[in-house]
Amino acid sequence: MNTTPAERLEMRWLPVVDAAGRTRMEATWVAVPTAAAAAYAVPHAA
């Protein structure tokens, strides 16, 4: 197959507040456009 996908999945951490008011982080998968994925990428120092 020679097609380029328009979206890809990324895992992101989101803060969630429970009923008691405590905040915790939960991971969730989100679909992002492939053009935006390059702009969102975080460079890492080698």
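Along the sequence shown, residues are numbered consecutively beginning with 1. This is a predicted model, so every value here is computed, not measured. Computed over heavy atoms, backbone and side chain alike; hydrogens, waters and symmetry mates excluded.
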Calculate, to the nearest 0.5 Å, the distance between atoms OG1 and CG belonging to Thr23 and Leu14 respectively.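 Here the rounded value is 12.5 Å.
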
Shortest non-hydrogen contact between Met25 and Pro15, atoms and distance: SD-CA, 3.6 Å

Does any part of the side chain of Arg12, heavy atoms only, come nearer than 4.5 Å to the side chain of Val32, both counted from C-beta?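 When only atoms from C-beta onward are counted, Arg12 and Val32 do touch, with a gap below 4.5 Å.
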
Would Thr34 and Glu7 satisfy side-chain contact (heavy atoms from CB on, under 4.5 Å), going step by step from the backbone distance to the final call? CA-CA 5 Å; Thr34 53; Glu7 294 181 330; 5.7 Å; no

